[in-house]
Amino acid sequence: MSEYPFKEIEARWQQYWFSNSTFRTPVELDLSRPKYFVLDMFPYPSGIGLHVGHPLGYIATDIVARYKRMKGFNVLHPMGFDAFGLPAEQFAVEHGVHPRITTERNIANMLRQLKAIGLSYDWDRSLATTDESYYKWTQWIFVQLYHSYYDEETNRARPISELIKHLEATDELFNAGSEEEKEHVLATYRLAYIAEVPVNWCPALGTVLANEEVTNEGRSERGNFPVYKRGLRQWMLRITAYANRLVKDLEDVDWPESVKIMQRNWVGRSEGAHVDFQVVDHDEVVRVFTTRPDTLFGATYMVLAPEHPLVDKLTASEREDSVADYRLKIAARSERERTADVRIKTGVFTGGFVTNPATREDIPVWIADYVLMGYGTGAIMAVPGQDERDWEFAEAFDLQIIRTVRPPDSFDGTAYAGDGPAINSGFLDGLRIQEAKSRMIEWLEENKLGEGTVTYRLRDWLFSRQRYWGEPFPVVHGADGSVRTVPEKDLPVTLPPMEDFRPETTEDPDAPPRPPLSRAPESWRTVEIDGVTYERELNTMPQWAGSCWYYLRFIDNHNDERFVDPELEKYWMSGNGVDLYIGGVEHAVLHLLYARFWHKVLFDLGHVSTKEPFGKLFNQGYIQAFAYRDARGIAVEATEVVDQHGKPATEVQDQPGRLFFHNGNSVEQEYGKMGKSLKNAVSPDEINERYGCDTLRLYEMYLGPLDASKPWNTRDIVGVNRFLRRVWRNFIGEFDDALLVSDREASKELTAALHRTIDRVTNDMERMSFNTAIAALIEFTALLVHEDSIPRSIAEPFILLLAPLAPHMAEELWSRIGHSDSLAYENWPVADSEILKSDEIKIAVQVNGKVRANIHIPADADKATVLAIAKADLSVIRHLSEKEIVREIYVPGRIVNLVVR
RNA sequence: GCCGGGGUGGCGGAACAGGUAGACGCAACGGACUUAAAAUCCGUUGGGCAAUAUGCCCGUGCGGGUUCGAGUCCCGCCCUCGGUACCA
């Protein structure tokens, strides 16, 4: 008896695809075919291996890739590993093994797991960001960034050599400067530059972190260690130059609206004005940023961030003590304390005054922690009449409040931020906000008191890390402090082999950073270029560097001459870049913003042909699962939990009225993202072993819509497994292994059902609705159960429809019905529109919107005919009796509604 | 607080353009086959009233509205998940 031998089948076809290079991207491209670049967000090769949540997106892209091949596209579908960075290194640190070794081991294990799912990647294009042949080009891109600047005139990056030429020709001051001074000027332009900046320093990780890597609670996203603010000299990337384009170009990509909004918020563009306030009795000016220049007449006090550089100058001698006290108190407050009680305003008066340029009144200057040094100019003009925070502060410290916008009569709140006519505002009186804003900006500009401007929340990207496991910077430092990039011919700068790669961690937030590379051998640290001795840069690049451009390398990953061949880049990125990019929403701002930034720089410099890298983005949902915690709140192994009747929780976890126990102790049921911490992970290996990977693939897709988060329930897997076994039995004799496909002609009904199925599945494939595509195939399979044999005209298209979803079974059946080649490039079946049309259709008849009957009508019947048939129906007649028909509605092919009174 | 997604049977979900709510699957129940079990096949399965049927009423988080007709559109709430958080 043959019972669907999935192990044998799956091993055979995976071997076949490998030895025949079935999924190798065509090298000789048939340019008459359209291209399709379908990409997954590549994973970190973690040491724990995959759980069933990880491959969800990979299965989806694989189905799309297989479908597109059958639709005649040239498909590029690669996979690689994001192997540098903190997770890989922390794992290595914790296990005391060199990251090179753990990384290789982890990659090997993940490769095994991925291949066991039958994913149709072109493995010849696999890469890891840790490959020297890869990070050579990551370093090369960094060199491009270093040697470029942002030209505000033409709104694009240009080689810094052009700027130097320009400055030499026009700027006497520049020419007069020393080399060092010149370099200082250039550093304010370069897209990659070194600056002393306030950074997030994490002593426990021994490194600085990007804002994006720090949680709201002021801790590291990796490891949850405390993070402190301190000033350090670091490499920065001038992403802020691209702030505007990063927002604007979102209009041109097909991305989930929520991700676009997150990016817009992150960039945080706001339009407003700079206003200069003269300091009373000092030759200083304080510049503020405001989005409401129209309210300048209502600015009754000013607030500086406690760290603002002018605080010392402004502070009156008798206020020095309280100002110093306050600043100390703020510095000691953790980020958490600072954000916990947002509604309670604190601050102190400096004793200083500035002049409101509109009213000519002198207004007091305060410092308060609700003004942040990192945004705008670190100083605000407070207009309590129109700003809730300023109102609260004014109330708390008894400061003057003037309304400069008339609230509606019904308004009984405090600050009024809505629209209305300006009042108490001199030349602005009567104007609405929009008009008043532009009028005030004109006035400021005429009087040289400020100007209209745009500010962004986005900060420049802190690009160095004090870790070992990252790309070394292709940069060397001269004894005189000069910086130069390593010549292209000497790239890559490889990581020196080091026994001790551990970061120097400490609990002292003020200890100087000591990057591991400072302990590298002298022979690595010192390098001679053109006869001059230099010291190598000892920091490494952050995690995100490698993932900023990997999609480009996939296009041409064996190229030793260039990071990507321009012709191949043009072909595969044509249209709008990557045609489909699937990954988790957790990368909505970090990876996707950084990658877009690099891509735009490469675009400006003429190295790539599109302004955006990812034309279509899709976020797959998470796989969630039930989890159980004991009385101490500690998660227990979900597979060991039983209910009050002793049944395994995995069988009954979705049933009402259950109590759960672990080793006899009561446990609480919970529901969350699958993973190690909740002890509810399921490995794809166990599912493969028990049901095979076609079942795994089908189940993951059948769970629900791809973008929804949904619960894993191992018990339910039998459903799709039964479907596959049923398909097998329909084709292969249960007792004799005989082929049950014949050349007899198919019935009209079965043919019609097939074409309806082709139509449904095709439609579902196009909109990535794989759960409904599978449902359609299950329904069709049920029709085949009672056929003695399956006509070939039915069998072939059916197998092809199944192929993207359950490729191993499809290939096996395809071969058993007599084909010697893989079906991977067979034409996708086309539904015959003639067959889809039926002569007779069934529609519902409603009386007053309630369905009272179903009638059969000729497909081409006109309204009068249909209504006649409907009114002749006994059930309809019953509901029409003694009523008057006041309206008759017929929606062709859909419904009849008779409105009666 | 603000922004965004989502609330449909015991469970996962379907309904794509406002047109028969609950496709398909799980679980549950009944039957066939079997010495028995597994597997398989057939059937029932939103709630209620009925037991004559082509039957009636209710039902998509809650309350209103638009429409011949609302899970779907509009207004006001509640809950939930994610993002963000004194951004001037």
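Values below: all heavy atoms of this structure, side chains included; hydrogens, waters and symmetry mates excluded.
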Students often get this wrong, so: under 4.0 angstrom with heavy atoms, is [X] touching a base, only sugar-phosphate, or nothing?
{"X": "A/T377", "value": "nothing"}
{"X": "A/D707", "value": "nothing"}
{"X": "A/E779", "value": "sugar-phosphate"}
{"X": "A/N897", "value": "base"}
{"X": "A/L874", "value": "base"}
{"X": "A/P705", "value": "sugar-phosphate"}

Rounded distance in Å between the [atom1] positions of [N] and [M]:
{"N": "B/rC68", "M": "B/rC62", "atom1": "P", "answer": "25 Å"}
{"N": "B/rU80", "M": "B/rU54", "atom1": "C1'", "answer": "43 Å"}
{"N": "B/rC75", "M": "B/rU67", "atom1": "C1'", "answer": "16 Å"}
{"N": "B/rG6", "M": "B/rU72", "atom1": "P", "answer": "13 Å"}
{"N": "B/rG71", "M": "B/rA32", "atom1": "C1'", "answer": "39 Å"}
{"N": "B/rC11", "M": "B/rG4", "atom1": "C1'", "answer": "27 Å"}
{"N": "B/rC81", "M": "B/rG13", "atom1": "P", "answer": "16 Å"}

What orientation do A/Y4 and A/W728 show, parallel under 30°, tilted 30 to 60°, or perpendicular over 60°?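 Aromatic pair A/Y4/A/W728 classed tilted.
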Is the ring pair A/W712/A/Y699 parallel, tilted or perpendicular, if the boundaries are 30 and 60 degrees?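 Answer is perpendicular, since the angle exceeds 60°.
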Please tell me which of the listed nucleotides, [options], lies nearest to the side chain of [X]?
{"X": "A/A775", "options": "B/rG19, B/rC41, B/rC24", "answer": "B/rC24"}
{"X": "A/D873", "options": "B/rC26, B/rU54, B/rC86", "answer": "B/rU54"}
{"X": "A/L372", "options": "B/rG12, B/rA39, B/rA88", "answer": "B/rA88"}
{"X": "A/L703", "options": "B/rG12, B/rC16, B/rA21", "answer": "B/rG12"}
{"X": "A/K850", "options": "B/rU20, B/rG10, B/rC57", "answer": "B/rC57"}
{"X": "A/K710", "options": "B/rG55, B/rC26, B/rG13", "answer": "B/rG13"}
{"X": "A/Y375", "options": "B/rA88, B/rC41, B/rG12", "answer": "B/rA88"}

Searching all strands shown, indicate the nucleotide that pairs with [N] (Watson-Crick or G-U wobble; both distances under 3.5 Å).
{"N": "B/rG55", "result": "B/rC49"}
{"N": "B/rG12", "result": "B/rC24"}
{"N": "B/rC2", "result": "B/rG83"}
{"N": "B/rU40", "result": "B/rA32"}

For B/rU20, does the base pair up with any side-chain atom of A/N854 as donor and acceptor (N or O, under 3.5 Å, distance only)?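 A donor-acceptor contact between them is present.
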Do A/D654 and B/rC11 share a donor-acceptor pair, side chain to base, under 3.5 Å?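 There is none.
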Which residue in the set A/L805, A/L698, A/T781 passes side-chain contact (heavy atoms from CB on, under 4.5 Å) when paired with A/L724?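 Only one option passes, and that is A/L698.
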How long is the line joining [atom1] of [X] and [atom2] of [N], in whole Å?
{"X": "A/H587", "N": "B/rG82", "atom1": "NE2", "atom2": "C1'", "value": "16 Å"}
{"X": "A/I774", "N": "B/rA23", "atom1": "CD1", "atom2": "P", "value": "17 Å"}
{"X": "A/Y622", "N": "B/rG5", "atom1": "OH", "atom2": "P", "value": "17 Å"}

Would you say a side-chain N or O of [X] is under 4.0 Å from OP1 or OP2 of [N]?
{"X": "A/R726", "N": "B/rC41", "result": "yes"}
{"X": "A/S270", "N": "B/rA88", "result": "yes"}
{"X": "A/R878", "N": "B/rG55", "result": "no"}
{"X": "A/R457", "N": "B/rA85", "result": "yes"}
{"X": "A/H879", "N": "B/rC56", "result": "yes"}
{"X": "A/R715", "N": "B/rC26", "result": "no"}
{"X": "A/R722", "N": "B/rA39", "result": "no"}
{"X": "A/R729", "N": "B/rC41", "result": "yes"}

Taking the cut-offs as 6.0 angstrom to the six-membered ring centre and 45 degrees off its axis, would you call A/K345 and A/F393 a cation-pi pair?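 That pair does not qualify as a cation-pi contact.
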Is B/rG9 in the syn range, within 90° of 0, or in the anti range?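 Glycosidic conformation of B/rG9: syn.
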Earlier contact from the 5' end, RNA chain B, for A/I889 and A/D390: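 Result of the comparison: A/I889.
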Judged by each residue's nearest nucleotide on RNA chain B, which is more toward the 5′ side, A/D387 or A/D764?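 Result: A/D764.
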Smallest separation among heavy atoms of A/I758 and A/A831, with atom names: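 A/I758 and A/A831 have their closest heavy atoms at CG2-N, 3.4 Å.
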Closest non-hydrogen atom pair between A/L296 and A/P357, with its separation: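 Looking at all heavy atoms of both residues, the closest pair is CD2-CG, 4.0 Å.
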Could you walk me through whether A/E888 and A/K871 pass salt bridge (charged side-chain N to carboxylate O under 4.0 Å, His left out), step by step? CA-CA 11 Å; A/E888 294 169 337; A/K871 284 187 239 174; 2.5 Å; yes
Side-chain donor/acceptor of A/E884 to backbone N/O of A/R901, under 3.5 Å: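 No.
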